[in-house]
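Taking it in order: structure first as structure tokens, then the write-up.
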Amino acid sequence: MEALLKKTVVLQFLLITVTLFGQSVKRLNDPAIVAQHKRMVFESWGDWRPYPKYFLGVQTNFAYATVWGMWAPKINRQYKDGEDIRPLKPTGVQNQRYAQLKYQEEQAIKIKADVDTLYKRNLQDLAHWTSATVDADPLWLLYYKRMLKPITEFPDNPQGFIEWRLKDQQTYETLNSTGTLKRLQEDLDLIKEKYSLSRSMDMPRGKRFIMYHETLIKWRRFVQELRRYNNKTTLLLDYKNILKNHSASTLPTAWTPASDKQIVQNIMQKYKHRY
């Protein structure tokens, strides 16, 4: 009896479950709910189920009257008579979200490309920023290396007229005695220091080439000034030698200056028979 009772209870439970499941399936496949799904997705704005039924001009469908008709809530009537609010219509909210999402994806791709470009540019700038890569710069190899080479070849502390690239020893001694070489040495130290800083410091590539250009200009002025002093000093020495030789040839060998008394006597003796 107990086994039969257990079987009966199980069968009743299964029957209730099947009944409830069947009712739920029927409820999910209700035409009004299906119409609501179609209305809210994309198909069309309409199909207002349940439909109205009239008998002698009187509404006889209680379901319609309570959902869309006179007895329906005000919000239902406003929804039915309102504008098309389908989210997936061509201008619907969901399509706008899809379009906005697509636009954001395109913007993200552009931003990523810009970030990658900036990253690569920063790597390039870093390569030109550090002093470890200055020897590999194309502009340095093509122009400034050749133009600034004389600075490295010129001695840091030149001694003698050969290292100063003067004409002779006498010119060197003249410039040294007048203090000109001391000032030229100070200018040379500044040029070499600026050149050394431009090659050893970490700085932007543009600033480095500005320093190269300024160093080159200062070096050209230094060379022109050195050449000008060399020529002027040589010309001055030539004039001194000419004047020295001319004075030595015109003055008598045994000439001694006369006193004032002797000069007066000589003049009186010369003009005594004229007056």
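What you see is a predicted model, and the numbers here were worked out from it, not measured in a lab. Numbers here are sequence positions counted from 1. These numbers come from the heavy atoms of this one structure, side chains and all, not from hydrogens, waters or symmetry mates.
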Members besides I85 in its Ile/Leu/Val/Met/Phe/Trp/Tyr cluster (side-chain heavy atoms under 4.5 Å):
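Via sub-4.5 Å side-chain contacts, I85 links to M40, W45, W48, Y64, V67, W68, Y79.
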Which ILVMFWY residues are connected to Y54, directly or by a chain of links, through side-chain heavy atoms under 4.5 Å apart?
none
Please name all residues satisfying salt bridge (charged side-chain N to carboxylate O under 4.0 Å, His left out) with [X], sequence neighbours left out, ordered by chain then number.
| X | value |
| --- | --- |
| D202 | none |
| D84 | R86 |
| R39 | none |
| D114 | none |

Is it the case that atom [atom1] in [X] sees more than 12 heavy atoms from other parts of the structure closer than 6.0 Å?
| X | atom1 | answer |
| --- | --- | --- |
| Y51 | OH | yes |
| K194 | NZ | yes |
| K89 | NZ | yes |

Is the shortest heavy-atom distance from the side chain of V134 to the side chain of S200 under 4.5 Å?
no
Do L190 and E186 have side chains that get closer than 4.5 Å, going by heavy atoms?
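No, too far: nothing below the 4.5 Å cut-off.
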Apply side chain to side chain contact (heavy atoms under 4.5 Å, CB included) to the pair L226 and Y229, showing each step before the final yes or no.
CA-CA 5 Å; L226 186 62; Y229 276 118; 5.6 Å; no
Non-hydrogen atoms of Q185 and N157 that approach each other most closely:
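Minimum heavy-atom contact is NE2-OD1, 3.5 Å.
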Holding to side-chain contact (heavy atoms from CB on, under 4.5 Å), I want the full list of residues that pass it with [X], two or more places apart in sequence or in another chain.
| X | answer |
| --- | --- |
| E153 | K149 |
| P73 | I75, N76 |
| A65 | Q59, W71 |

Provide the full list of side-chain hydrogen bond (donor to acceptor under 3.5 Å, both in side chains) pairs with a residue in residues 102-112, sequence neighbours left out, each pair given once.
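Sorted pair list: K112-D116.
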Is R205 salt-bridged to D137, going by a charged N under 4.0 Å from an acidic O?
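Yes, R205 and D137 are salt-bridged.
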Within residues 184-205 or reaching into it, pairs that qualify as ring pair (Phe, Tyr, Trp, His ring centres under 6.0 Å) - sequence neighbours excluded
none
Sequence neighbours excluded, every pair satisfying ring pair (Phe, Tyr, Trp, His ring centres under 6.0 Å) that has a member inside residues 204-224:
W140-Y212, Y144-F209, Y144-Y212, F154-W219, F154-F222, F209-Y212, W219-F222
